[in-house]
Every structure is written in C-alpha cells, then in structure tokens.
K.L.:
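Take a look at this one; I'll ask things after.
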Amino acid sequence: MSSSTPFHKILIANRGEIALRIIRSARALGYRTVAVFSSADAGARHVREADQAVAIGEPLPAQSYLRIEAIIDAARRSGADAIHPGYGFLAENDAFAQACQDAGLVFIGPSAGAIRAMGNKAGAKRLMMQAGVPCIPGYQGEDQSEQALTTEAARIGYPIMIKATAGGGGRGMRLVADAGQFADALRSARSEAQSAFGDPEVILERAIVQPRHIEIQVFADRHGNAVHLGERDCSVQRRHQKLIEEAPSPAVSPELRARMGACAVAAVKAIAYEGAGTLEFLLDAQGEFYFMEMNTRLQVEHPVTEAITGLDLVDWQLRVAAGEPLPLPQEAIRFEGHAIEVRLCAEDADRQFMPQSGTMLAWHMPAGLRVEHAMLAGSEVPPYYDSMIAKVITHGRTRETARRMLMSGLQDAVALGVITNQRFLGACLGHPVFAAGGATTAFIADHLEALLSVDPGLRARAIALSAVLMHETAGHREHHGQARLLAHTLAVLQRLHVNGEICAVRLGPFGPHRYAVECAGQTFDFKLIELQDDHLRFDCDGVSEGAYYHRDGHQLWLSYQGLPVRVQDSSHQAPARRADTASDGKLRASMNGRVVEVLVAVGDAVLAQQPLLTLEAMKMQHVHAAPMSGRVAAIHVRAGEQVGAARVLIEIAAGEV
C-alpha cells in the first residue's frame, strides 16, 4: 500500500449521533460530508447537518444501513471518495471494507484482512493463543453441530457463555447456568446471531464469575507505529450491553495498565493493523486478565478516552486513513483526571429493559457536559435501530467529581414522550458499590431491586405536582407562550394513572394558585410561582424549584429531579373492569418489533412459559412465552411481519395438555 491515500469527501455509513460525531471532526479538518438515510430517518438531524444526503431505502426488511451495494452506490452518486463506517456492524464487516477498496474508495478503518482476522471471535482467539495472549478456556472449533457443542459445553463445565463469532454488542450472547438450559440458549443465540450478522456460528467459553470488563484502546498506522490510549472499565451492563463506561478503571493499577497495553499493542502489530481498535479483556478478582475479542473499530464509549487524553480519536482515524503517521508516540500520551459516560437508552428498566419507540415530545440536555445525540423535540425514536439515543459524558479531576457532575447532569436532563433509562442510570451512579469503584459485570443483577426502587417521598411529590399541573393546564393549552394561572376555590378529586399505576389525589385550594395536595398518605403544600408551556417554578413545603413537563390531551409527562413521570387523567372515566390478562390465553407483543420466528403451529399443546415466538426490536431479540397451558388456537402473525405493541400474536385455548 502506498504511504498516502488522500481524500476530500467522506460518506458516513451510519446514522444518528454516530454520524454527527464524525461530521464534527471531518469538518474541522476541511472535509465535506455525505449522510445516508433510510425512509425512517428522512427528517433526522444527521441528514440535515451533512453537506449532502442520499436515501438508501426502507428500514426493513433489507436493513438499509447494512446494504453494502446501496452505500457504495450512494458514494458514487454523491462524489464521495472515502467512507467512514461509523461504529456499527459495517465497521467490522470485511466484505464492506473490500467492496470500498474494489470501488476505489478509501475505507476509514483497518484492512479487510485485519477485520477478517480479528472480527471473528473464533479466529481471533486462535491467533491470540498462538501469540501467547491469555485467553478464556473454551471451544472455538469448526464443528457447529448441536451434539458437538453440547459435548464441549460439558467438557468446559458450567456456567458457560455462548457467543456469536461475528459482530458484538451482546447480540448472540447467552449465559448458561446448567446443561438443562443449553439447548434453548443455543437456539436463541444462533437465531439472534443469524438475524444480526448473517452468521449463526458460535463459540463457547467458561463463564468467569463476576469479572471486570476492561478494554484497551489501540491505534496503529501503516508505517509500523502502534500505541495504546489506556483502558476503559465497561463493567456496568445489562443483557451483555454496556450502560456505563469510565476511564481509567478503578481496578487497574499503572503496572497492570502497562502490561495490558503492551499486550494489546503486540497483538495489533502482529497482524499489521491500521486505524482504531479495541481489545476487550475480562479481569478476574485475582487480577488476571483474559482476552475476549477485538473490535476492529472505534467504540461507542471512545469519548471517555478522549476526555482523559485530550485527543480527538476521529481526527486520528482520518489522518491515519490518509496515510499520515500517528500524531503521538506512546511516551507522549498522558492521562489526566477521570471520565464517565452513561448511555441514555429508550428502554423501560422496570420491564426488563424492554426497548421503547415513539415521539420525543420534550428534549433538553444539561449544559456544560458533553452530550452526543441526534435528538430534537418532536424527533421519532423508531423501533428498527439500537435503543441508545444519547451519551452523556463528564470529566473531572477525580472520579468522585466526575460521578457527582454526571448525577447532577442526569437530574437536569429532560427526555419526555418515550420511556428511557434516565432514572435507572442515576440510581446506578448513586449506588454505594459503584461509588466505591467496586462494580463488576454482576453489578446490575446483584443490585437490581435497589436500582429499580424509587424514593417514596420523591415519587409522592412528583405525583402531587403532576396533579397540580393537570388541573392548572386543563383546557388552557391554546394559550401557547403565555404564563397563565387559574384560581381555584373548590376541592378537586383526581384519579390518575402514573406510570401504569392508579393513584387517588385530592387538591384542596387555600389561596391563589396554592394547594394542599393529599397523595400516597402524605400532604404537600404547593404554590405555583410561574407556569410556562413546557416548564414551571413552584414552591413545595417551603422549597422553591423547577421542573419540565409536556401536556398532550389527557396525558402529561413530567421531569422532576431526574424522575420522568407519565400521567394519564382518568378522573372522568368509569373505572375499567380489571381483565385477567394473565389467563385470557392471548399472547400480546410487549413492544413494537419484527417477528423473527414462530415456534409453534395451530393445534400444538403448550405449557405455561413455553417459548412461542421471537420478536426483534432495536437489534435485540425477545422471546415471548405462553401465558398459560393449553393448545394453540390461532396464530395471527408470520415471520418477518412488523407488529405494534399490545397486538395479539397467538391465542391459547385452555385444555388438557
């Protein structure tokens, strides 16, 4: 390869905050940019902020952002001479890197050969073992029969991990506790891997109990230079996907950092790697580390590395792709302070982190912090893509400063209209184990009940405030932009649905815009100070503060002290008869999504909690199980069909099984 590969216009083969992040650094270096978009993203921010944009099709079933031929054609039509794959699946697709090269385009990433060598978990493990890098004991053989895998699992010993050999992000990964769970877990992992990566192959690994997930950021150029940029601790995860990342790791000493960094640099030099990459390790309680995989791309969590090094890693990617040597040698790289990143996701933590979609009605991110996002008030959160909608990053002189700043920033963030994990993230940051730097990959599972709990006093105040807002804004939404307050003289009884729960509230007015609010066994003294279309100031029991809200008919969304609340006023509706949905035999979709596989046929006998159907939403598969025992009476969907939340999918008739 020649030492120089100049380019002038970059097509970004990704969407959302990823595309916006790359546009920012590309423009700083004088490059023109081209966005691509599916029909679901026609009005998205990354489309409007790029210099040019090209439509590449419908979001499903072809998964437009993964269609190599459409993206290459978009580069040709727009005159782009380079492609940045972002940090999604195409960034680790050797066929895409090869297609770019064959089309005469500069691929801003490693070579197709390097991606092929390290992008497959089985092959990468074999290479690392040959190079003497410590690897987790397991099986990465070619025999993928169920019998062979079952035998190997028994040899390795339970618990074990099943992992898709292609891709990453937790897709196609399952933790198996014992032999009785293996067959179902294998089927599920293979199905998800096939859907996400087009490859059902898996490897098996011994499960290391409560490890730290540590990754080393590396960079290499075509001139033989390679460096590491320190480690990131990515241990706080749900469904094997990261939620919180920090740099440096509280568990890594300078000596261990040097050892792991040297190992990572030796690995990339061994395969003549070029560009950004990340080697991922598990660190056990005894301080021993084991290679898991290499991501041949820039990671979602790269901002924490940028924060402690002061470097722009996308800038480095562009320079290396153009043939320049690395900007700094290893000895010139410095680490300053501590950085923490949280992933704000459209998901419901109270419902097993179920992905959510819909319209973001109100959106305000905290000032003074780095926030990577592509949202606006009114933006759609579609069901086709990853659930992450923003990253919030803080950098402080100490870990405690960074943690405190991030907790405060999350309280100031406003994301209303779609359920997010905002409050859950704040709970994680505030938990004593995380605060002490002791979180492992078991952190969320070990402390889930505490992390999901809400302070009763905070919840009661939020409900009381919602009741006041419901009453004050009723029938007066036509006065946009005006501060309008209503006087009240009579007590008001309200029946509210708050995040799905029914709450009775009594408002007793005792002066202009003042209320004694009885809620959840408590009484609060509220006084409205100012009421605007999307925010208010109020006094509650002598404490003045503010909150954001959005009123939409009988529904109100409130953001109060980092607690998002969704309220529906049913005061004037007859109480609904309680349906015993657990035994009516109807299996309903838990979210908007695509039917991946129907596992039963009409007439089949099924047992309660038996898997019946697999639904995919935001790149994750969710098995829907039988609500009762009986026989399948009707199937209302087929594989490949897109369905809405609460739609009846399958009906079970009670009877002898």
K.L.:
Could you measure the distance from the NE2 atom of H395 to the CD1 atom of I308? Nearest 0.5 Å is fine.
P.N.:
7.0 Å
K.L.:
Does this structure show an ion pair linking E324 with R319, if we count only N-O contacts that are shorter than 4.0 Å?
P.N.:
yes
K.L.:
Where do L127 and M118 land on the side chain to side chain contact (heavy atoms under 4.5 Å, CB included) test, with the steps shown first?
P.N.:
CA-CA 8 Å; L127 278 174; M118 299 303 289; 4.1 Å; yes
K.L.:
Using the salt bridge (Lys or Arg N to Asp or Glu O under 4.0 Å) definition, which of the options E201, E293, E205 pairs with K163?
P.N.:
E205
K.L.:
Could you go through the side-chain hydrogen bond (donor to acceptor under 3.5 Å, both in side chains) check for Q217 and H302 one step at a time?
P.N.:
CA-CA 8 Å; Q217 176 73 65; H302 76 271; over 6 Å; no
K.L.:
Which heavy atom of A50 sits nearest to which heavy atom of T33, and what is that distance?
P.N.:
CA-OG1, 3.7 Å
K.L.:
Taking all heavy atoms of D94 and all of R116, pick out the closest pair and write down the distance.
P.N.:
OD2-NH1, 2.9 Å
K.L.:
If you compare all heavy atoms of A74 against all heavy atoms of V54, which two are closest, and at what distance to 0.1 Å?
P.N.:
CB-CG1, 3.7 Å
K.L.:
Check whether the side chains of D233 and S249 place a donor and an acceptor atom closer than 3.5 Å, and report yes or no.
P.N.:
yes
K.L.:
Which value, rounded to the nearest 0.5 Å, describes the distance between I83 atom CD1 and L105 atom CG?
P.N.:
5.0 Å
K.L.:
Start with the C-alpha distance between Y548 and H364, add both sets of side-chain angles, then the distance that settles ring pair (Phe, Tyr, Trp, His ring centres under 6.0 Å), and finish with yes or no.
P.N.:
CA-CA 9 Å; Y548 277 84; H364 304 281; 4.6 Å; yes
K.L.:
CZ of R32: more than 12 outside heavy atoms within 6.0 angstrom?
P.N.:
no
K.L.:
Nearest 0.5 Å, please: how far is CZ in R222 from OG in S111?
P.N.:
10.5 Å
K.L.:
Go through the steps to decide whether T614 and H624 satisfy the test side-chain hydrogen bond (donor to acceptor under 3.5 Å, both in side chains), and finish with yes or no.
P.N.:
CA-CA 6 Å; T614 304; H624 286 49; over 6 Å; no
K.L.:
When rounded to the nearest 0.5 angstrom, what is the spacing between CG in L204 and CG in L186?
P.N.:
8.0 Å
K.L.:
If you look at every heavy atom in G86 and A91, which pair is closest and at what distance?
P.N.:
O-CB, 3.6 Å
K.L.:
Quick one: sort the F107 and F96 rings into parallel, tilted or perpendicular, breaks at 30° and 60°.
P.N.:
perpendicular
K.L.:
Quick one: do I393 and V371 satisfy side chain to side chain contact (heavy atoms under 4.5 Å, CB included)? Show the steps, please.
P.N.:
CA-CA 6 Å; I393 305 102; V371 183; over 6 Å; no
K.L.:
Check this for me: does any side-chain nitrogen of one of D386 and R171 sit under 4.0 Å from a carboxylate oxygen of the other?
P.N.:
yes
K.L.:
In this structure, which one of E246, H213, K242 forms a side chain to side chain contact (heavy atoms under 4.5 Å, CB included) with S235?
P.N.:
H213
K.L.:
Tell me which one of K391, R24, R45 satisfies salt bridge (Lys or Arg N to Asp or Glu O under 4.0 Å) with E372.
P.N.:
R24
K.L.:
Which heavy atom of G409 sits nearest to which heavy atom of P366, and what is that distance?
P.N.:
O-CG, 3.4 Å
K.L.:
Roughly how far, to the nearest 0.5 Å, is CD of E597 from CG of L615?
P.N.:
12.5 Å
K.L.:
Centroid-to-centroid, H46 to F37, below 6.0 Å?
P.N.:
no
K.L.:
Take S188 and R174, measure what side-chain hydrogen bond (donor to acceptor under 3.5 Å, both in side chains) needs, and give me the verdict at the end.
P.N.:
CA-CA 8 Å; S188 178; R174 298 292 185 273; 2.8 Å; yes
K.L.:
Given E245, which partner from the list Q299, R232, R343 fulfils the side-chain hydrogen bond (donor to acceptor under 3.5 Å, both in side chains) test?
P.N.:
R343
K.L.:
For the residue pair S25 / D315, report whether a side-chain donor-acceptor contact shorter than 3.5 Å exists.
P.N.:
no
K.L.:
So how far is it from M128 CE to F281 CZ, rounded to the nearest 0.5 Å?
P.N.:
8.5 Å
K.L.:
Measure from the side-chain N and O atoms of R239 to the backbone N and O of F353, and report whether any donor-acceptor pair falls under 3.5 Å.
P.N.:
yes
K.L.:
Could you check whether any side-chain N or O of D81 sits under 3.5 Å from a backbone N or O of K9, counting only pairs where one atom can act as donor and the other as acceptor?
P.N.:
yes
K.L.:
Taking it one step at a time, do R370 and E306 satisfy salt bridge (Lys or Arg N to Asp or Glu O under 4.0 Å)?
P.N.:
CA-CA 11 Å; R370 177 174 175 178; E306 292 185 324; 2.8 Å; yes
K.L.:
Any side-chain donor paired with an acceptor under 3.5 Å for E380 and T359?
P.N.:
yes
K.L.:
Tell me if a side-chain donor or acceptor on Q194 pairs with a main-chain N or O of S191 at a distance below 3.5 Å.
P.N.:
no
K.L.:
Are F89 and Y65 close enough that their ring centres sit under 6.0 Å apart?
P.N.:
no
K.L.:
Would you sort out whether E274 and V320 count as a side chain to side chain contact (heavy atoms under 4.5 Å, CB included), showing the intermediate values?
P.N.:
CA-CA 8 Å; E274 179 182 329; V320 168; 3.6 Å; yes
K.L.:
Could you label the plane-to-plane angle of the F335 and H228 rings as parallel, tilted or perpendicular, counting under 30° as parallel and over 60° as perpendicular?
P.N.:
parallel
